[in-house]
There are 2 protein chains.
Amino acid sequence: MEVAQKMMRDSGFHGTSMRDIAAAMNMEAASLYNHISGKEEILKSTCFGLAEKFQSGIDEVNDIYFNAVEKLQMAVKSHVQLLTENLDASFVFIHEWRNLNEPYRAEFVHLRDKYENAFRVILQNGEDEGLFKEVDYKFAVLTILSSMNWVVEWYKPDGGMTPVQIAEKLTDFILSGLKK
Amino acid sequence: MEVAQKMMRDSGFHGTSMRDIAAAMNMEAASLYNHISGKEEILKSTCFGLAEKFQSGIDEVNDIYFNAVEKLQMAVKSHVQLLTENLDASFVFIHEWRNLNEPYRAEFVHLRDKYENAFRVILQNGEDEGLFKEVDYKFAVLTILSSMNWVVEWYKPDGGMTPVQIAEKLTDFILSGLKK
DNA sequence: CCTACCGATCGGTAGG
DNA sequence: CCTACCGATCGGTAGG
């Protein structure tokens, strides 16, 4: 799976053939079918496996923390850590889920909506607690998720920032913006 | 080109065949080659055409406006307007440029870096003018661009928000964040 | 703009 | 885990 995810990160789902994957593992393509049922299984297990991890992360945050600022901080941290710990898989998760066939594609979108909704609830809590401005939640959540997900585009494990530092900078940006 | 861009938005570059495009135009695949040199030309003209429009937009903003806050506002507005006016093309531009072959892929990345740099200069101006906090510019620019680009994922022309309203909300978010 | 076709490659299977 | 192979489809060309 890891080999396949890395190749799909570089070349996309359609741009990576079963023969490519097999060659990278010093096998013939036919041999792969003793381990997986088909090419789509790679995509399915990558997308749904990560979706579950992300959801578990935010569920845990909502169980443990009470203050909306804290919840947002920890939710961002959980998300960024999962992304950086599963870089290739996350890239595939973010970019290639569209290649899932129905009904899996619809199911994936459903899980995504559920995750977005958990963030929305945090923002609403924040407003109720008087900590956050009144904002368009749907819009704000999409903006937050996009800035988090973009991390997979440029993050390098040996770069200057740790996942925790990235999460902190992101949270600062989300909470306070650029203006002095 | 518009038909091809729309199909590639739905199915990706590799997921859209010349036969698919031809069928949507009531032609045979072979006939397409009287109009374009090959499949990659669709991707090239989409990606480089938009890259030039985005760059012109920010160059104009930098020529006309002086205050960094104004520049940022107008740069976001220009970006969002171009995105929403060319939704299918923008989607391909953002998601499918990786399928460009060299040397075009490298050239595209170069144009992208140039565009990012123009945003970075605006943020530096803002700090010099005492309007913006001291921040990690590279990080801030990537966050801003990601939140702008994500608009293509959910924007619907007949939805509740105009491009200008989206640009305003985004600018507010970028400048002031969520916290009260 | 079409018919007819090319070589290459795809995901996957049979059978061992 | 392999050899051998299937039908389908791909981007693209020749020639009209």
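Order of the sequence lines sets the chain letters (A, B, ...), proteins ahead of strands, with each chain counted from 1. This structure is a prediction, so every number in the text was calculated from the model and none was measured.
Cation-pi geometry between B:K71 and B:Y65 is not satisfied (NZ or CZ under 6.0 Å from the ring centre, within 45° of the ring normal).
Proximity of A:I166 to A:W154: side-chain heavy atoms (C-beta onward) are separated by under 4.5 Å at one or more points. Side-chain contact between B:S147 and B:L170 is present, with heavy atoms from C-beta onward closer than 4.5 Å. At least one side-chain heavy atom of B:M161 sits less than 4.5 Å from a side-chain heavy atom of A:D136.
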Per-nucleotide pairing state of DNA chain D [Watson-Crick or G-U, under 3.5 Å; [ ] pseudoknot-crossing; | other strand]:
||||||||||||||||
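Applying the salt bridge (Lys or Arg N to Asp or Glu O under 4.0 Å) rule to A:E153 yields the partners B:R98; only residues at least two apart in sequence or on another chain are considered. Qualifying salt bridge (Lys or Arg N to Asp or Glu O under 4.0 Å) partners for B:R105, counting only residues two or more places apart in sequence or in other chains: none. Evaluation of the salt bridge (Lys or Arg N to Asp or Glu O under 4.0 Å) rule for A:R9 yields A:D88 as partners, not counting sequence neighbours.
Per the geometry, CD belonging to B:E28 stands 5 Å off P belonging to C:dT3, to the nearest Å. Rounded to whole Å, the distance from CE on A:M25 to P on D:dC1 is 8 Å.
Residue A:V164 is found outside any hydrophobic cluster, as its side-chain heavy atoms come under 4.5 Å of no other Ile, Leu, Val, Met, Phe, Trp or Tyr.
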Encode nucleotides 9-16 of chain C as B, S and - characters from 5' to 3', where the letter depends on protein heavy atoms closer than 4.0 Å: B to the base, S only to sugar-phosphate, - to neither.
-BBBB---
